[in-house]
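Structure record follows, encoded as structure tokens.
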Amino acid sequence: MNQNQKTADSPLVSLVIPVYNSMPYLIETLDAIEQQGLDENQLEVILVNDGSTDGSEKVLADYAEKHPNYRLLNQPNSGGPADPCNKGIAAVTGKYFFVVGSDDVLTENALGDLAAYAEEHDSDIVLAKMAGINGRHAPGSMFKATKPDAHLVDDSLFNSLTAIKLFRTDLQRKTGAYNPTHLRVGSDQPFTAACYLAADKISVCAGRPYVMIRTRDDGKNVTSDSRTSLEYIELLDSLLGVMLKWSEPGELRDGVLYRPVHGALRKSLLPRFLNLSAEEQEKVVAEIQRLVTPLFNETVAGHLASLDRLKVRLALAGSMDVLRDVIKWEKQNGRERLTHDGHGFHLDLPAPLAKRVGVELLRDIRAMGVANLEDLVVEGGVVRLEASAYVRNSDTAPDSALVRLRRRDSDEKIDLAVIDPRAVKRAGARALSFKAEVDTTAMDHGVWDLYVVHRYGDEELQNRLGRYRSERVTDERRVLLDSDLRQNELGVAYFTKGHGNLSLDVGYTLLARTEPKIASVTVLRESPDRELALLRMETVERVLVTAFPGRLDKPGYPVVHLENGMLAVSLPAWTNRKDRRICVANAHGSVVLRLPAPSGFSNGAAKPLRPLATSYESVFEGPGGIRGFARRLGVRKPSFMRR
């Protein structure tokens with residue numbers, strides 16, 4: 001291996017880029033390095049040329065020659081990504097290092113922002129949100145929110161075992177973590193798992209994409225190559241070895257085992273298993289028995305869907321013939337289906353195969369209930385919803401359902417009967433669709449979480465409502481108002497962070513009341529059937545103005561933002577109405593304003609107003625536009641405007 005050593009003494013970040021035949025994408029990857037918000041003394045770039053022959057080697061040499069903080073390592077082709085990654089990581093001198101693929105692209109200031117976050121929060125690892133290019137899927141479950149101190153299981157960190165992260169260099173030195181070179185694909189998973197388990201603090205930056213990961217047009221991404229059952233067993237062996245070394249038996253280990261069990265173990269018994277010879281099949285089963293038997297408890301079994309769990313149980317029991325026949329049935333378009341026979345759910349297989357499997361294993365299933373929120377409307381203090389409930393892959397619809405409200409941090413609950421229940425199909429399963437109404441006006445103060453309880457014979461499943469919802473149900477907060485003419489705020493319906501479940505904060509016990517700070521100035525008669533209300537806000541923000549009392553989920557009146565916090569709202573003329581009030585709402589709250597009687601004006605007093613057909617356009621432009629307009633009308637500033 002030859003080296004072109006041109007690096008700073010102690011950079012903040014070392015960027016490692018393993019390269020093998022990456023043209024033409026490589027140039028975009030390298031050009032993005034100039035926009036990372038770090039100067040040459042802060043950033044070290046280590047380029048590892050793994051025997052490229054498509055011109056990548058010439059591009060790398062050219063960039064390394066031009067930049068004093070670049071280091072180029074040339075080596076013969078190793079046959080996979082593991083070795084160049086290991087060589088690059090071993091050569092870093094920075095406090096942190098980051099590994100990026102030679103066809104992926106860092107976004108502007110990505111490394112600078114990630115390193116600053118790590119410095120601020122003393123992080124050992126910082127997960128950087130990714131986005132896909134050319135249809136590439138980017139992991140998302142761990143990027144629900146930015147967190148300085150994330151949990152390996154609760155925050156789904158193990159769902160992302162790629163090495164595209166910011167690592168503290170000392171962490172790798174302490175663990176000796178490396179990419180196993182015998183793994184053709186997935187070699188970064190054992191590396192990342194070891195660092196995860198040894199880290200004291202892991203952070204997540206989810207505010208924007210930091211890395212754009214690409215699917216190549218030629219389909220030659222290493223990760224796109226298909227793997228055999230034997231290769232998945234090799235990956236399983238490496239992952240479990242790391243987990244046993246860096247974790248203790250218990251809840252954390254059982255939780256992180258989700259990734260190897262749901263990933264490598266499950267995939268080793270997919271229909272590709274039948275492509276192996278009988279001897280190779282027996283080797284796979286023997287390795288599953290050796291590796292998994294000591295770890296396979298009920299929690300770990302729960303990481304698998306019903307059909308996958310059956311296959312693993314058969315493998316652990318050494319039932320080779322039955323296992324082969326189950327996989328053959330699956331290969332012939334057999335699909336996991338659950339049915340309820342009055343005694344419980346069981347896996348529905350063809351009768352001859354079911355008899356060979358046995359009743360005990362057929363009932364060793366996981367019935368996963370789903371509550372889907374299909375519509376949500378808030379009218380005053382009443383929450384009206386439509387939802388459906390079902391068990392995934394089930395041919396049996398619920399017998400009945402109810403909506404349950406639980407007051408957080410207490411044992412108090414309210415069960416509500418559903419309206420208009422009917423059997424439907426949802427996501428390929430038999431489901432029960434229904435409506436329900438929640439009247440919050442008489443509820444005690446507190447945060448109330450919403451659940452759906454669905455019943456199948458004597459069996460009852462309970463699921464939070466809101467995580468799964470239709471596109472019609474947007475995630476903004478909805479203000480709850482009392483039902484009398486005062487329209488006082490009772491609280492807010494909102495979706496929780498993370499899973500996005502529906503909850504009601506009655507009395508604002510958790511969330512702050514942040515209604516618009518607004519007051520009425522005057523009302524002008526535009527025409528016999530139109531009025532113009534002038535309002536003033538303390539802060540400029542988007543608001544919805546509706547009739548009072550009215551529905552906040554309906555389109556509001558046209559609103560125009562003017563100068564100095566002034567708003568103009570076009571209203572229908574309210575002749576014969578004594579109660580002249582409107583409701584102004586932002587995303588977090590609302591306020592009810594009483595409007596004065598309208599003032600008329602002649603065409604000589606002011607220029608005619610253009611119709612307010614669209615929101616957020618300026619109709620009073622220029623210095624002092626609104627002030628001059630008010631003077632011509634003889635409108636004095638209210639006291640709060642003279643502060």
Side-chain angles (χ1 to χ4, degrees), residues 227-237 239-240 243-244 249 251 253-276 278-341 343-369 391-396 459 461:
R227 281 170 272 188
T228 68
S229 293
L230 284 169
E231 287 178 313
Y232 277 117
I233 288 299
E234 289 178 339
L235 176 57
L236 179 67
D237 189 7
L239 273 173
L240 293 183
M243 293 181 179
L244 291 174
E251 184 177 353
R253 176 184 287 180
D254 289 346
V256 299
L257 281 172
Y258 172 85
R259 178 57 186 268
V261 167
H262 189 262
L265 175 60
R266 178 183 64 86
K267 293 175 181 178
S268 70
L269 294 175
L270 291 177
R272 63 170 63 92
F273 175 85
L274 299 176
N275 297 334
L276 303 177
E279 182 179 352
E280 290 173 325
Q281 292 174 6
E282 291 174 0
K283 180 179 179 180
V284 168
V285 169
E287 284 296 281
I288 290 175
Q289 291 173 328
R290 179 180 70 86
L291 296 169
V292 178
T293 299
L295 304 170
F296 202 72
N297 54 36
E298 287 304 311
T299 301
V300 175
H303 297 327
L304 293 166
S306 302
L307 181 58
D308 296 318
R309 188 188 307 194
L310 170 62
K311 291 186 290 184
V312 171
R313 293 280 195 198
L314 292 171
L316 292 175
S319 302
M320 287 296 303
D321 291 340
V322 181
L323 174 62
R324 289 190 184 102
D325 287 345
V326 169
I327 297 177
K328 286 178 184 176
W329 168 79
E330 182 184 14
K331 187 175 183 179
Q332 295 166 357
N333 295 321
R335 293 292 180 265
E336 176 181 308
R337 302 301 296 175
L338 301 181
T339 190
H340 199 283
D341 59 6
H343 301 288
F345 282 99
H346 65 269
L347 193 60
D348 188 10
L349 296 178
L353 186 56
K355 184 176 180 180
R356 296 178 63 202
V357 168
V359 174
E360 183 177 352
L361 287 183
L362 290 178
R363 292 196 182 279
D364 180 27
I365 54 89
R366 180 177 61 165
M368 291 190 61
V391 166
R392 284 182 181 169
N393 301 319
S394 173
D395 291 324
T396 307
E459 193 166 353
L461 298 177

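Along the sequence shown, residues are numbered consecutively beginning with 1.
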Exercise for review: Scan L361, L323, V357, L304 and name whichever one has a side-chain contact (heavy atoms from CB on, under 4.5 Å) with R313.
Suggested key: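 Testing R313 for a side-chain contact (heavy atoms from CB on, under 4.5 Å) against L361, L323, V357, L304 leaves exactly one candidate, L361.
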Rounded distance [0.5 Å steps], [atom1] in [X] versus [atom2] in [Y]:
X    : Y    : atom1 : atom2 : answer
E282 : Q289 : CD    : CD    : 10.5 Å
R324 : K331 : CZ    : NZ    : 13.5 Å
D308 : L265 : CG    : CG    : 8.5 Å
L269 : Q281 : CG    : CD    : 10.0 Å
L310 : L349 : CG    : CG    : 6.5 Å
L236 : L230 : CG    : CG    : 12.0 Å

Please give me the minimum heavy-atom distance between [X] and [Y], naming the atom from each residue.
X    : Y    : result
L239 : P260 : CD1-CB, 4.0 Å
R309 : D364 : NH1-OD1, 3.2 Å
F345 : A367 : CD1-CB, 3.9 Å
S229 : S268 : OG-O, 2.9 Å
M320 : V285 : SD-CG2, 3.3 Å

Test item: [X] side-chain N/O and [Y] main-chain N/O as donor-acceptor pair under 3.5 Å:
X    : Y    : value
T228 : E231 : yes
S306 : I365 : no
R366 : G302 : yes
E336 : N393 : no
T293 : R290 : no
T396 : H340 : yes
H303 : D254 : yes
R272 : R227 : yes
Q332 : W329 : no

Tell me whether [X] is salt-bridged to [Y], with the criterion being a basic N under 4.0 Å from an acidic carboxylate O.
X    : Y    : answer
E330 : R335 : no
D321 : R356 : no
R363 : D341 : yes
E280 : K283 : no

I want to check something: taking the side chain as every heavy atom from C-beta on, are [X] and [Y] in contact at a cut-off of under 4.5 Å?
X    : Y    : value
V322 : D325 : no
R253 : L244 : yes
D348 : L338 : no
V261 : L295 : no
T339 : S394 : no

